[in-house]
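For reference, the structure is listed below as structure tokens.
Owing to the predicted nature of the structure, the values given are computational and were not obtained by experimental measurement.
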Amino acid sequence: MTDLKLLHPLLHATLLIGLLGFSCIGSQAQVTVSPSVLVRVGISPLSGSDGGMATEVLSADLKRTGMISPVDGGEGDYLASGEVTDGGVAGKLVNKKTGENVFSQTFSGKPRAATHEFADAITQAVTGLPGFASSKLAFISDATGAKELYLGDIDGYGVRAITHDGVICASPSLNHDGTKLVYTSYKSGYPDIYLIDLSSGSRNRICFFPGINSGPSFSPDGSQIAMTLSKDGNPEIYTMPINGGTPTRITRTRGAETSPSWSPTGDRLVYSSDDRGSPQLFISSSSSVSEMDHLVTGNAYCTKPDWSPDGKSICFTARISGQFQIGVFDVASRTGHLVTASGGQDPIWTADSRHLVYSNNGHLYLLDTVSHESLPIETSVGGSGEPAVSR
């Protein structure tokens, strides 16, 4: 296995954060600040043999958005109702003020998954923002003594191990619909990149150049990945089709570039580089080597950026006085601010570009960047970090 001490300092630090431990200094504080206006959605108990479970899931999904208050069916501005069958959920949403039938739709699939889809449709209809209840959550856990890859729902339900290799896995990334996953693994004894088709379970090693192959990130359309390769000597950012081909070099510096993330339009990449000293965030074209746009976040040490689906914000991990915190950079105003005070790292946006999933002290959390409320994601395993979310 590659000796981490021989790596470039930035790549070493990034791998240490992602590979050698998920904890950071400090304990998780719960900050509860409710938004000024919550949309009140009444929920009539869903009928069917799984109606009780589905009603509870629907209510929890809507409450988790931080924008909706689920109430009894006789109250609220809207009324949600439906029937649960073996094939899915027939859901309906009515605007109680106008009497308008907002939608009547059948959501196919197993009852729980279909209920998540129903919740997302309600969220979109009453807030104008995409829901994230149906998103998949991947992460790394060392619960078995090795850093293995896990997958489940974003509410923590149904978590299962995807790998059982007994070696280091790191940096998972899910494609848009959660059907494919790329990650770094030391299965061969060296850091290579693997692609898993989650529907079939097939796994292929797609990037195994000499040196480091790490930090893969799916493009918005899922056809390419961006990653760090050291095949030409220095750890640089490259892109490559997921079905193989010659990598395209994106950066050319004296430092190390890590943790690329695509813009929602797919034409730019944000990443961390220590070319100017301590790790900072930069943006470059995703098609070729270009001028690096330095993002001044107000923090001296920034890694693990993730570009929001709406393109307006970039979240990142900042190190301040020895502790990791979560920051958000506003692309339009080119200003950054912290959204945690008691620790956090490895942030990733959900579909609504409002919430983040992040890790702290071996646990996963969902953070509302508007209210600053941070909720634990209860999973069946501990020692968790490096979350990835489909969106």
[X] with [Y]: basic N within carboxylate O range, under 4.0 Å:
X    : Y    : result
D155 : R112 : yes
D72  : R40  : no
D306 : R391 : yes
D368 : R354 : yes
R252 : E236 : no

So, [X] and [Y]: side-chain donor and acceptor under 3.5 Å apart, yes or no?
X    : Y    : answer
D165 : T163 : no
D177 : N175 : yes
T350 : D352 : yes
S284 : Y271 : yes
S230 : N234 : no
S287 : S285 : yes

Co-members of [X] in a cluster of I, L, V, M, F, W and Y side chains, linked at under 4.5 Å:
X    : value
V289 : none
I206 : V182, I193, L195, F209, F218, I225, M227, L229, Y238, M240, I242
V71  : none
L281 : V270, I283, L295, W307, I314, F316, F329, V331

Tell me if the [atom1] atom of [X] is crowded by more than 12 foreign heavy atoms within 6.0 Å.
X    : atom1 : result
K312 : NZ    : no
K96  : NZ    : yes
D86  : CG    : no

In Å and rounded to the nearest 0.5 Å, what is the [atom1] to [atom2] distance from [X] to [Y]?
X    : Y    : atom1 : atom2 : result
E56  : D50  : CD    : CG    : 11.5 Å
L137 : S384 : CG    : OG    : 8.5 Å
I212 : C207 : CD1   : SG    : 11.5 Å
Q325 : N360 : CD    : CG    : 8.0 Å
Q280 : T297 : CD    : OG1   : 5.5 Å
Y183 : I162 : OH    : CD1   : 9.5 Å

**Asked** Between S333 and T335, what is the shortest heavy-atom contact and its length?
**Response**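 So the minimum-distance heavy-atom pair works out to OG-OG1, 2.8 Å.
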**Prompt:** Shortest non-hydrogen contact from G166 to E148?
**Reply:**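 Here G166 and E148 meet closest at N-OE2, 2.6 Å.
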**Non-hydrogen side-chain atoms of L174 and L198 separated by less than 4.5 Å** = yes
**Request:** Decide side chain to side chain contact (heavy atoms under 4.5 Å, CB included) for R276 and F282; before the verdict, give the C-alpha distance in whole Å, the side-chain angles of both, and the deciding distance to 0.1 Å.
**Result:** CA-CA 11 Å; R276 303 185 186 183; F282 295 84; 3.7 Å; yes
**Asked** Who are the side chain to side chain donor-acceptor pair (under 3.5 Å) partners of S286, not counting sequence neighbours?
**Response**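 Partners of S286 by the side chain to side chain donor-acceptor pair (under 3.5 Å) criterion come out as none, since no residue qualifies.
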**Asked** Mind checking what makes side chain to side chain donor-acceptor pair (under 3.5 Å) contact with S135, not counting sequence neighbours?
**Response**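 Here no residue qualifies.
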**Request:** Under the side chain to side chain contact (heavy atoms under 4.5 Å, CB included) rule, what do L356 and T369 come out as? Steps first, then yes or no, please.
**Result:** CA-CA 7 Å; L356 298 169; T369 61; 3.7 Å; yes
**Partners meeting side-chain contact (heavy atoms from CB on, under 4.5 Å) with K92 (sequence neighbours left out)** =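 For K92 the side-chain contact (heavy atoms from CB on, under 4.5 Å) partners, ignoring immediate neighbours, are S81, V94, N101, S104.
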**Request:** Can you sort out the partners of T98 under side-chain contact (heavy atoms from CB on, under 4.5 Å), two or more places apart, ordered by chain and number?
**Result:** N95, E100
**Message:** Applying salt bridge (charged side-chain N to carboxylate O under 4.0 Å, His left out), can you list everything that pairs with D120, at least two apart in sequence or on another chain?
**Reply:**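 Residues passing salt bridge (charged side-chain N to carboxylate O under 4.0 Å, His left out) with D120: none at all.
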**Item:** Sequence neighbours excluded, every pair satisfying salt bridge (charged side-chain N to carboxylate O under 4.0 Å, His left out) that has a member inside residues 181-192
**Value:**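 Passing the test, one end in residues 181-192: D192-R205.
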**Any pair counted as ring pair (Phe, Tyr, Trp, His ring centres under 6.0 Å), so long as it reaches residues 62-113, sequence neighbours left out** =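 Pairs touching residues 62-113 that pass the test: F107-F118.
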**Request:** Hey, could you give me each pair passing ring pair (Phe, Tyr, Trp, His ring centres under 6.0 Å) that has a residue in residues 121-154? Not counting sequence neighbours.
**Result:**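 Qualifying pairs, neighbours excluded: F132-H355, F139-Y150.
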**Request:** Step by step, work out the side chain to side chain contact (heavy atoms under 4.5 Å, CB included) result for T55 and I43.
**Result:** CA-CA 8 Å; T55 302; I43 301 177; 4.1 Å; yes
**Request:** Go through the steps to decide whether D346 and I348 satisfy the test side chain to side chain contact (heavy atoms under 4.5 Å, CB included), and finish with yes or no.
**Result:** CA-CA 7 Å; D346 304 327; I348 186 159; over 6 Å; no
